[in-house]
Every structure is written in C-alpha cells, then in structure tokens.
Amino acid sequence: MILTLTLNPSLDRTIEVAALRRGEVIRAAAARLDPGGKGVNVSRALLANGVAARAVVPFGGDEGRQLVGLLTAEGLDMVTVPVTGRTRSNVTLAEPDGTVTKINEPGTALSPAELDTIAEAVLAAAHTGGQGADWVVASGSLPPEVPADVYARLCRRFAEAGIEVAVDTSGPALSYALGAGPALVKPNLEELGQATGRPIACLGDVVEAARALRAAGARAVLASLGADGAVLVEDGGVWYGRAPAIEPRSSVGAGDAMLAGFLAAGGHGPEALARALAWGAAAAGLPGSRMPGPADIDAAVTTAGPPDPACPLAVPFVPPADPPADPPAVLSPGPSAGPSTTNAPAPLP
C-alpha cells in the first residue's frame, strides 16, 4: 500500500479559455472542480488504476468539508484530520495550447500540535486495515508558518517506523528534506536547478544535478522535465525516458501522476520510469486535475534507457540573477540544522 500526506490540500477549479487576455471579460469554454494537492493527486491516480492507496488529509472550514466530500464521492480511502482554519482554493486557467496559469492560495497555518496529530495519523494509517504501507509520499507546498524542516522531521519519523519515504516539494523544504535521507525525491527541472543553484541545459546537466541531490542525502532522484521526459538516478544506474508527444490539455497533476506510476511499478529501475512517463503523459492530456485510468494510459509506447548527456533540453533552466537567500540544498547545513525562517515552535520532536 502507498500512503500519501498532503499538508496543504486544496479545492482546484480549472477554467478552460480560448485565450487569456489581461483586463478583458473572458467567457469560459468549460470548467470543473477537483480535489487537489500533490499527495491527494498521487492517491487519486493510484485509485484510478486499482493500486492500494490511502491519503491522510487535513481539512478545515466549508472548503475543507467540500474537499472531503469530493474525495468520498471518488471512493478514496482516506484518513481526515480536522484543523483550525480553512482549506485553500486554487484557480487554474487553461488555454488550448496547453498553457496553464495558476493562482494558488497560501493555505492555512498548522500549529505544532496539529502537525503532531497529523504525523500520528500517518503512522496509524500505515499499520491499519490489514495492509502495511510500503511507501509514504510527503508532498506539496507548506502552509504558512510551518517550519521549513517539517518534511525532514517527518521523513526521519516515518523511516524509523520502517516505511520508505518519497518527498516531492521545493525550495527550503526540499533542501532540509535531503539531509534526512529520503528514499526518493521527485523535483521538476526548476526545483532541481534551484536546489543545486546551477544552470541545466542538457541531459548531462540533469544527471549531475541529480547526483548532487543524492550526495546531499537522497537515495534516488526522479527528475521530471516536462515535454523533455524524465531522468532517474539511483544506486542501480541512470536512465532517461520520454513519452510520445500528445496534445496537452492541462499539466496540473501530471507530475503527481508520474510519481504515482513510478511507485505503482515498484519505485525503482527503468520499467518504473517508463510507467511513470506513461501515467504523467496521460494526465497532461486530460482536463483539469483529472487522474488517468487504464483506458487513458498507453504504457506500451514508452521506454527508458541510458541518457545521451549532450542532448539539449527544449527549455533549459537558468538560475536567477538574484538567487534566493536560502542556500541551495547541496550547500545547506547538515540534518541537525533547524529551519532558516519561521516563527512557529518546532514540531515533531
């Protein structure tokens, strides 16, 4: 079973428009409302493909109750944790060529006591229902006032319980999580570049950046590159794969579907990478954040093999002229260090 934790879930409203023109009245071609949040989407993708999964979902306010209602209607196996505050709502504007504009609310703050309750809910969910968890996926942005090292602390706590941990996040949260030695991290190209502070223009650069994250503590790195495919770097080797070109409708949730496919296929090796690419490509061809099922996925046309280091990326990553104040992951303090900025007491001792 694969267990997911989403600290900052959401209601995701996707509106399809012919073109996004600032300052004008635009009539929508279509609209849909989906449950959202990276871990939630991983669980939904697994559910759609008959893979045992359970989601731990903190929720609050009317929006939170609506989120739980949508997930219940989908039949998702979940553990809900009520919290003070209101679950966020996000809006996505999708254009016919696949261009997506997202407006994400920050979410609601979680107290140290609430974080501890959520962690206990994960551990309980991992050992109930007659089937133990093989993986815990800790993913997504952090709500306001939550310490940047929270995923690192959760990673250690879950690993001590004998559960493999996959982390999919960004910024300082990713930097601190690396020091906790997660079994897997899944950065996209921008997150990979930000974590290492280096330009990434070709597959060789991707591989070297992924190796830097492994040197910082991650056991394996699954780097998603959008239309350029994905690279997997782990103890067993280095592989690259690219799904056939599709007509994109929405990239929202495609990376989450990719991670779900990777874990569903065992979580390592070229076969799992090929499955991940097939699931991710299928999600990108669907509206909103709908997750693909077997009828949407064509795994037979996706393969993985050794990368060509010189192969250029269609859209390379260039570090910003003014780098963020937080150090990149490969230069950040060791695993005992606390978060760089927070006013909240440290949770999860």
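A quick note: this is a predicted structure, and the numbers were derived from the prediction, not measured. Both backbone and side-chain heavy atoms feed into the values below; hydrogens, waters and symmetry mates do not.
No side-chain heavy atom of V91 sits less than 4.5 Å from a side-chain heavy atom of K102. Side-chain atoms of P143 and P106, non-hydrogen and from C-beta on, never get closer than 4.5 Å to each other. For the pair P35 and R44, the minimum side-chain heavy-atom distance is below 4.5 Å. Residues D256 and D168 have side chains in contact (heavy-atom distance under 4.5 Å, counting atoms from C-beta outward). When side chains are defined from C-beta on, L184 does not count as touching V221, because their heavy atoms never get closer than 4.5 Å. When side chains are defined from C-beta on, Y240 counts as touching L203, because their heavy atoms get closer than 4.5 Å. The side-chain heavy atoms of L47 and V51, taken from C-beta on, include no pair separated by under 4.5 Å. Here the side chains of P307 and V238 are in contact, with some heavy-atom distance below 4.5 Å.
For the side-chain contact (heavy atoms from CB on, under 4.5 Å) with V136, the qualifying choice from L3, L123, L154 is L3, the only one to do so. In summary, of the residues considered (V40, L5, L7, T80), a side-chain contact (heavy atoms from CB on, under 4.5 Å) with V56 occurs for L5 alone.
To the nearest 0.5 angstrom, T303 atom OG1 is 11.0 Å from E271 atom CD. The OG1 atom of T108 lies 8.5 Å from the CG atom of N8; values are rounded to the nearest 0.5 Å. Here the CD atom belonging to E234 is positioned 4.5 Å from the CH2 atom belonging to W239, to the nearest 0.5 angstrom. With values rounded to the nearest 0.5 angstrom, S10 atom OG is found 11.0 Å from E63 atom CD. Atom CG of L20 is separated from atom OG1 of T101 by 5.0 Å, given to the nearest 0.5 angstrom. One finds the SG atom of C202 at 11.0 Å from the CG atom of D228 (value rounded to the nearest 0.5 Å).
Considering only residues two or more places apart in sequence or on other chains, A55 meets the side-chain contact (heavy atoms from CB on, under 4.5 Å) condition with T4, S43, V57, L76, M78.
Using a distance-only test at 3.5 Å, with no hydrogens or angles considered, a donor-acceptor pair links the side chain of E114 to the main chain of S111. A side-chain donor-acceptor contact under 3.5 Å links T6 to the backbone of G39. A donor-acceptor distance shorter than 3.5 angstrom exists from the side chain of E105 to the backbone of S89, with no hydrogens or angles considered. Not one N or O on the side chain of D149 forms a donor-acceptor pair closer than 3.5 Å with the backbone of A152. The closest donor-acceptor contact from the side chain of E16 to the backbone of P96 lies at 3.5 Å or more, if one exists at all.
For the 3.5 Å distance criterion, the side chains of K186 and S224 qualify, holding a donor opposite an acceptor.
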Point to revise | Evaluation steps, side-chain contact (heavy atoms from CB on, under 4.5 Å), between H268 and R219 | key: CA-CA 11 Å; H268 64 86; R219 297 211 319 260; over 6 Å; no
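When the side chains of ILVMFWY residues are joined at heavy-atom separations under 4.5 Å, either directly or via intervening members, F262 and V137 end up in a single hydrophobic cluster. By the rule that hydrophobic residues join a cluster once side-chain heavy atoms approach within less than 4.5 Å of another member, L67 and M291 end up as members of separate clusters. Cluster annotation: L174 is connected to V206 through the hydrophobic network of ILVMFWY side chains, with a link wherever side-chain heavy atoms come within less than 4.5 Å.
A salt bridge does not link E160 to R157: none of the charged nitrogens lies less than 4.0 Å from a carboxylate oxygen. The pair D62-R86 does not meet the salt-bridge criterion, since no charged nitrogen lies less than 4.0 angstrom from a carboxylate oxygen.
The two residues A94 and T14 come nearest to each other via the heavy atoms CB-CG2, 4.4 Å.
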